Amino acid sequence: MRKGSIAFSLFWLSAAWLILALVGTAFLLTDLYSRALDSNLSNQLRFNIDTISSGTLDSTDPDFRRHHRHRSPLLSRLDRLVLGDPRRQ
């Protein structure tokens with residue numbers, strides 16, 4: 001292949017377009033993945049916060065306490081460690 005030939009020009013032009021397409025695709029896929037990951041993390045975090053807060057709110061309910069009055073001492077100690085409520089110590 002000579003430097004000024006059409007084949008030489010077409011080869012380097014197609015190589016440049018291929019690199020440009022690969023870089024563009026990588027950028028778009030990275031952006032798409034980061035948005036999906038952010039959305040999934042936000043949903044999981046919201047679920048965990050709702051679960052923890054509903055468990056904390058339920059533990060102050062008298063019916064909840066009456067229902068769980070006969071729990072093992074190990075679970076009671078574990079609740080104090082997890083929830084950290086000084087009234088339960």
Side-chain angles (χ1 to χ4, degrees):
M1 240 183 334
R2 289 183 306 214
K3 191 171 185 176
S5 69
I6 294 175
F8 183 79
S9 298
L10 286 176
F11 175 77
W12 286 112
L13 188 61
S14 63
W17 276 110
L18 179 65
I19 290 171
L20 184 66
L22 286 174
V23 168
T25 303
F27 176 74
L28 289 174
L29 285 176
T30 302
D31 184 53
L32 231 158
Y33 178 73
S34 67
R35 286 184 188 192
L37 187 65
D38 184 44
S39 174
N40 188 21
L41 181 63
S42 296
N43 290 338
Q44 184 67 36
L45 187 60
R46 187 175 299 117
F47 173 75
N48 289 343
I49 289 172
D50 290 344
T51 303
I52 290 171
S53 63
S54 68
T56 303
L57 293 176
D58 287 345
S59 67
T60 59
D61 184 17
D63 292 331
F64 180 84
R65 285 188 181 175
R66 190 175 332 122
H67 177 67
H68 293 286
R69 181 177 24 200
H70 302 291
R71 295 174 60 178
S72 73
L74 177 63
L75 289 177
S76 297
R77 279 188 242 125
L78 188 61
D79 279 347
R80 284 195 302 267
L81 288 175
V82 172
L83 296 176
D85 188 0
R87 294 174 291 169
R88 301 179 94 193
Q89 293 179 356

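Bear in mind the structure is a predicted one, so any value in this text is a computation, not a measurement.
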Salt bridge (charged side-chain N to carboxylate O under 4.0 Å, His left out): pairs with one or both residues in residues 10-25, sequence neighbours excluded: none
Pairs satisfying salt bridge (charged side-chain N to carboxylate O under 4.0 Å, His left out), at least one member in residues 13-36, at least two apart: Asp31-Arg35
Side-chain heavy-atom pair Trp17, Leu20 within 4.5 angstrom cut-off: yes
Among Leu45, Asp50, Ile49, Thr51, side-chain contact (heavy atoms from CB on, under 4.5 Å) partner for Phe47: Thr51
Residue pairs involving residues 38-48 (criterion side chain to side chain donor-acceptor pair (under 3.5 Å); sequence neighbours excluded): Asn43-Arg46, Gln44-Asn48
Sequence-distant partners of Phe27, side chain to side chain contact (heavy atoms under 4.5 Å, CB included), two or more places apart: none
Interatomic distance, Leu37 atom CG to Leu32 atom CG [nearest 0.5 angstrom]: 12.0 Å
Listed partners of Ala21 passing side chain to side chain contact (heavy atoms under 4.5 Å, CB included), at least two apart: none
Taking distance alone, no hydrogens or angles, what donor-acceptor pairs closer than 3.5 Å link side-chain atoms of residues 4-12 to residues at least two apart or in another chain?
unit_1, atom_1, unit_2, atom_2, d
Ser5, OG, Arg2, O, 3.0
Ser5, OG, Phe8, N, 3.3
Ser9, OG, Ser5, O, 3.3

